[in-house]
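For clarity, every value in this text was computed on a predicted model and none was experimentally measured.
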Amino acid sequence: MSAYADHIATVRARFDAALIATGYDSVLIYAGQPRVAFLDDNPAPYKVNPLFKYWVPVIESPKSAIFYEPGNKPVVFLFKPRDFWHAEVKIPVEEWQEHVELVVIDEQDKMTAWLGDKLKSAAFIGEDFAEPVASWPVKARNPANLIDHLHFHRAIKTEWEVGNLREANKLAAKAHIAARDAFMSGASELEIHHAYLAAINFRESQVPYNSIVALNEHGAVLHYDVYETQAPAESRSFLIDAGALYRGYCADITRTYARKSGFFADLIAAMDVAQQELLTEIKPGINYYELHVSQHLKIAKILSEFGFVKGSAESIYEQGYSSAFFPHGLGHFIGLQVHDVGGFLANDRGDTIARDSRHPFLRLLRDVEVGQAFTIEPGLYVVDQLLEAHQGNNDFNWQRIDELRPYGGVRIEDSIVVGENGRNENLTRDAFAALGV
């Protein structure tokens with residue numbers, strides 16, 4: 001059996017179980033459609049419903065849908081309008097078409113006519129802001145219990161999904177190298193961004209999220225995406241958080257670079273060691289929250305060793321000092337979405353794990369299981385808004401912190417697939433290694 005055949009069999013089994021558990025006969029998954037700006041007819045870039053591309057690797061065919069009822073082949077309604085205003089949607093012949101009933105439609109009414117009374121017993125999953133979708137007589141719209149059931153099990157990736165994540169990381173790693181080289185040549189943030197896209201022949205709308213391309217102090221802005229058009233007089237540091245898509249699956253990679261050897265380069269090296277040490281602790285049965293705390297302790301040790309904060313790693317963490325420098329979560333699930341879903345689900349019945357008040361931005365609180373894919377992305381930054389709460393505290397070496405401020409900060413991010421007995425796969429470092437980096 002091919003990897004895709006095994007994947008779609010798994011998806012069917014997961015939908016079978018979810019439909020039985022929630023009392024629905026069938027499901028209609030709508031791919032979605034572009035939204036237009038207010039008082040305009042110019043649409044924003046289209047993003048497909050992740051549960052649509054869970055079944056088939058089709059990400060650029062809006063107004064399509066999948067109908068599935070247990071015991072029958074999934075029916076893919078591929079929308080190809082007769083429209084002389086736009087280019088025709090081209091879907092190459094691929095293996096997935098052997099596992100579905102493919103129905104090509106040029107009007108959505110043809111789909112509802114094909115389904116007939118079956119539409120009334122289907123649970124609808126997707127956006128329904130526009131007609132005629134908003135008026136379809138379905139049994140339920142986006143029922144939370146059905147979606148929770150599906151999202152809980154999506155955390156365990158099939159081999160086909162892992163293969164797609166590998167390829168996405170290879171693309172992103174290639175683009176990262178081009179961006180690094182552009183930084184070293186003195187390029188502006190916008191020029192670096194263009195180099196990233198050109199390396200993999202992507203349009204800006206084809207990357208999974210707005211790339212973070214931050215020079216110097218901009219690296220302290222966690223979601224910086226301004227892209228200055230002029231290069232600074234001195235490019236001291238570079239933080240890039242950028243990804244790629246392959247068959248609808250996401251890569252999410254962060255790297256930080258120093259132009260010169262010295263203090264900041266040493267800090268990057270220390271953070272890299274701390275991140276790699278944390279990677280060795282990933283094993284089935286441990287809770288992801290434990291990994292987050294362990295990484296905090298490692299960063300607290302760096303804060304002490306580099307003279308930013310006085311005290312032991314334990315005292316720096318216990319007093320909450322490390323959160324002023326590392327405010328975000330350690331990472332998140334990754335897959336069909338960059339921040340893949342289900343990180344707070346305790347089970348497939350929709351019970352949730354309460355967020356911890358001390359680390360409210362952590363997106364993943366589940367136990368680690370074989371087959372999960374998630375990121376590990378520690379950071380250390382000078383964020384003045386967070387440091388305000390500690391002004392006047394003599395445990396903080398403000399002169400040393402001022403030395404870091406012009407560099408912004410450090411973040412290093414890899415994507416991990418959990419294996420048996422600690423044999424995990426680092427998708428990101430493997431991708432760089434294949435490119436000789």
Quick check against the 3.5 Å criterion: does [X] have a side-chain atom that pairs as donor or acceptor with the backbone of [Y]?
X: Tyr209; Y: Gly243; value: yes
X: Arg12; Y: Tyr68; value: no
X: Glu161; Y: Gly335; value: no
X: Asn426; Y: Ile416; value: no
X: Ser135; Y: Pro132; value: no
X: Lys53; Y: Leu336; value: yes
X: Glu101; Y: Val75; value: no
X: Glu369; Y: Val418; value: no
X: Asn169; Y: Ala251; value: no
X: Asn424; Y: Gly419; value: yes

For [X] and [Y], test the side chains for any donor-to-acceptor distance below 3.5 angstrom and give the result as yes or no.
X: Glu377; Y: Thr254; result: no
X: Tyr381; Y: Arg411; result: yes
X: His292; Y: Asp356; result: no

What I'd like to find out is whether the side chain of [X] reaches to under 4.5 Å of the side chain of [Y], using heavy atoms alone.
X: Arg355; Y: Leu362; answer: no
X: Val410; Y: Leu239; answer: no
X: Phe79; Y: Gln33; answer: no
X: Leu150; Y: Tyr54; answer: no
X: Thr428; Y: Glu413; answer: no
X: Trp96; Y: Val58; answer: yes
X: Phe264; Y: Thr256; answer: yes
X: Ile177; Y: Phe432; answer: yes

Mind telling me whether [Y] and [X] have parallel, tilted or perpendicular rings, with 30° and 60° as the class edges?
X: His193; Y: Tyr227; value: parallel
X: His149; Y: His153; value: tilted
X: His390; Y: Tyr321; value: perpendicular
X: His218; Y: Tyr224; value: parallel
X: Tyr4; Y: His7; value: tilted
X: Trp160; Y: Tyr249; value: perpendicular

Could [X] and [Y] be called an ion pair, given the rule that one side-chain N must be under 4.0 Å from one carboxylate O?
X: Lys63; Y: Asp106; value: no
X: Glu420; Y: Arg423; value: no
X: Asp384; Y: Arg405; value: yes
X: Asp348; Y: Arg14; value: no
X: Lys118; Y: Glu69; value: yes
X: Glu277; Y: Lys301; value: no

Cationic tip of Arg366 above Phe152 ring, under 6.0 Å, 45° of axis: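 Arg366 over Phe152 ring: yes.
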Can you tell me how far the [atom1] atom of [X] sits from the [atom2] atom of [Y], to the nearest 0.5 Å?
X: Ile299; Y: Phe325; atom1: CD1; atom2: CZ; answer: 11.0 Å
X: Ser64; Y: Ile105; atom1: OG; atom2: CD1; answer: 6.5 Å
X: Phe308; Y: Ile302; atom1: CZ; atom2: CD1; answer: 9.5 Å
X: Ile412; Y: Asp272; atom1: CD1; atom2: CG; answer: 4.5 Å
X: Leu427; Y: Asn164; atom1: CG; atom2: CG; answer: 11.0 Å
X: Arg363; Y: Asp340; atom1: CZ; atom2: CG; answer: 11.5 Å

Cut-off 3.5 Å, no hydrogens considered: what does the side-chain donor-acceptor table look like for residues 84-92, sequence neighbours left out?
residue: His86; atom: ND1; partner: Asp83; partner atom: OD2; Å: 2.6
residue: Glu88; atom: OE2; partner: Lys80; partner atom: NZ; Å: 3.3

Derivation of the side-chain contact (heavy atoms from CB on, under 4.5 Å) call for Phe374 and Ile282: CA-CA 11 Å; Phe374 49 67; Ile282 299 170; 3.7 Å; yes
More than 12 heavy atoms from other groups under 6.0 Å of CD on Gln385: no
Full working for side-chain contact (heavy atoms from CB on, under 4.5 Å) between Leu51 and His151: CA-CA 9 Å; Leu51 284 171; His151 282 180; 4.1 Å; yes
